[in-house]
Amino acid sequence: MTSIELENVTVDFPIFNARGRSLKNRMISYATGGAINADAEGHVTIRGLEKVNIILKEGERVGLIGHNGSGKTTLLRVMSGVYTPSEGKINVKGKSASLINISLGIDPEATGRQNIALRGALLGFEKRALKLRRKEIEEFSELGSFLEMPVRTYSTGMQLRLAFSISTVIQPEILIMDEWLSTGDEGFKEKANERLRTLIGNTKILVIASHSKELLLENCQRIIWLEHGKVRMDGDAVEVANAYFT
Amino acid sequence: MHKEHSYGAIARDDILRSIRNFQLAALLGWQDVVQRYRRSSIGAFWLTINMGVLIAALGFVFGTIFDSKMSEFLPFICIGLIFWGYFNQLINEGSTSFITNSETLLQLPIPFFTFVLRTWWRNTIILLHNLVIYPVVLIFFGALVDTDVLLVVPGFILLSINLLWMMLILAILCTRYRDLAQIIQNIMQVGMYVTPVMWMPSHLPTGTSPLMLNINPFFHLLSIIREPLQGRSPIPINWYVPALMAILGWTVALFLFGKYRQRINYWL
């Protein structure tokens, strides 16, 4: 059974000022018995999430809403395993993947084909597995002979098409997204949205952060509203959306 | 990942997963080299040319100053400079392994040690480019090497094991303390002069304390490569010190890495 369980998850970000980042200052403060800059040591923390309790079960399609800085991205990162909670527990069952910045790892100097290998490897594909999917990726991108050209010669739309085609060949059990992926021109958009829907349809748990009411209502049955790192409301999508978007 | 896991288990898990998926580190490292030299027709051999010029110039100047036999001194300084360059790059770039990959670390759950391996692989590729100079020097002087040269294989393995723990520790510390990278740079610069790279141990006046060489870890690390390549067998202490360093270094590295593995993302 795929599931994500968060129990009292708190995330504190240490904020280092220049002094806290400096080993030299640290040494001086030891040498002087710590009298100098006792509070300027840089141990300021910002609370990203506070005592968040969420249980996501198989089959759930969950939206995250909240203002900027409310903790959406932090929560997504906790769920995808990037941040380990400072306090509390998280238990994730199932293979997760995030579609957050799909252009990450794309090297503009390398050709489209080399980038497929590069980005594919970052997503965890082994060489052999990627070989089997290569054709599919290339065809989906509709880049044709441009695949032999360096990516820097591509238009923005073409770059997005390449990144999209590679990033969506994954089929995770848990899919984590930050907003819907934008995919350039109209013709490709339909096809891309179709593929995203299939991808989402096949994942067991979807978590998507978004500011768009339509998007959330179309894809999610449940919405979690975050405010100042805490869960303000958690429940039926329509109910929460109506409360938030007023 | 649970908090209950011991430090050792966390560190071991990350490192084993990185090694098992070495092809990712290798691909990224290779890509780094290719990217840097993509638009030049001779690629990374530009570095080889630079290194060759440096070796010829310094070899000639210092060989003359020290009044050394060129057939002996030039191969010596050739390996010294090539490998010191390798150490230097690995240590300096190793310490920023996490910082330069922060975007990836904040997004994909890739084991962290992969990025240390990436730095190691990239520089090892460059090392192989530079190493082509050595046979040229040997042929030029008609020098021969015998089967002792094979000792360079265990030597290189032991060297790499040592460099990797240094890189890992520095990568962790430099992510937390951003001024440490500069301190490291300074240390490496001084290190080049106190280590027999441009001068030979035989240039030291008789009666110099052997400690001047033996307390310098880089002397031993360099010797297990340079001696075999010059057709000599390294003296026992050259093997013992790196072996001991490897054990102690990895113990500290595993502890630090296990303890702070989950904090690194917060420091980026």
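Residue numbers start from 1 in every chain, and the chains themselves are labelled A, B, ... in the order their sequence lines are given, proteins ahead of strands. From a predicted model like this one, the values you see are computed outputs, not experimental measurements.
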| query | If every non-hydrogen atom of B:Gln107 is compared with every non-hydrogen atom of A:Ser98, which pair is closest and at what distance? | reply | O-OG, 3.5 Å
| task | Check whether more than 12 heavy atoms from other residues, nucleotides or ligands sit under 6.0 Å from atom CH2 of B:Trp250, and answer yes or no. | result | yes
| said: Quick check for you: to the nearest 0.5 Å, what is the distance between B:Leu108 atom CG and A:Arg119 atom CZ? | reply: 6.0 Å
| Smallest separation among heavy atoms of B:Leu105 and A:Val82, with atom names | O-CG1, 3.7 Å
| Options A:Ala110, A:Ser96, A:Gly81, A:Ser80, ranked by heavy-atom pairs under 4.5 Å with chain B, top entry | A:Ala110
| task | Kindly indicate, with the supporting measurements, whether the criterion side chain to side chain contact (heavy atoms under 4.5 Å, CB included) is fulfilled by B:Tyr266 and A:Asp12. | result | CA-CA 9 Å; B:Tyr266 288 102; A:Asp12 284 323; over 6 Å; no
| Check: A:Arg77 and B:Asn265 side chains under 4.5 Å, non-hydrogen atoms | no
| said: Taking side chain as everything from C-beta outward and backbone as N, CA, C, O, which of these in B:Ile110 sits under 4.5 Å from a heavy atom of chain A? Side chain, backbone, both or neither. | reply: side chain
| request: Using non-hydrogen atoms and a 4.5 Å limit, figure out which bit of A:Ile100 sits close to chain B: side chain, backbone, both or neither. | output: both
| said: Given heavy-atom pairs under 4.5 angstrom as the criterion, report whether the side chain, backbone, both or neither of A:Glu126 touches chain B. | reply: both
| message | Counting only heavy atoms not in A:Arg152 (residues, nucleotides, ligands), do more than 12 fall under 6.0 Å from its CZ? | response | yes
| task | Determine whether more than 12 heavy atoms belonging to other residues, nucleotides or ligands lie under 6.0 Å from atom CZ of A:Phe146. | result | no
| field | Most chain B-contacting option - heavy-atom pairs closer than 4.5 Å, from A:Val11, A:Leu76, A:Asn101, A:Leu123 | value | A:Asn101
| task | With the side chain counted from C-beta on, respond yes when B:Glu103 and A:Leu104 share a heavy-atom pair under 4.5 Å apart, and no when they do not. | result | yes
| said: Rounded to the nearest 0.5 Å, what separates atom CZ in B:Arg36 from atom CD in A:Glu109? | reply: 13.5 Å
| query | Is B:Trp30 atom CH2 crowded by more than 12 heavy atoms from other residues, nucleotides or ligands, each under 6.0 Å away? | reply | no
| task | Let me know if B:Gln23 has heavy atoms under 4.5 Å from chain A in its side chain, its backbone, both or neither. | result | side chain
| Taking everything shown except B:Tyr134 itself, do over 12 heavy atoms lie less than 6.0 Å from its OH? | yes
| In terms of heavy-atom proximity below 4.5 Å to chain B, should A:Leu122 be classed as side chain, backbone, both, or neither? | both
| message | Check this for me: A:His228, atom NE2, are more than 12 non-hydrogen atoms of other residues, nucleotides or ligands nearer than 6.0 Å? | response | no
| Between B:Val34, B:Leu173, B:Leu27, which shows the greatest number of heavy-atom pairs under 4.5 Å with chain A? | B:Leu27
| field | Audit row: A:Asp107, B:Gln31, side chain to side chain contact (heavy atoms under 4.5 Å, CB included) steps and yes/no | value | CA-CA 9 Å; A:Asp107 172 4; B:Gln31 194 65 27; 3.1 Å; yes
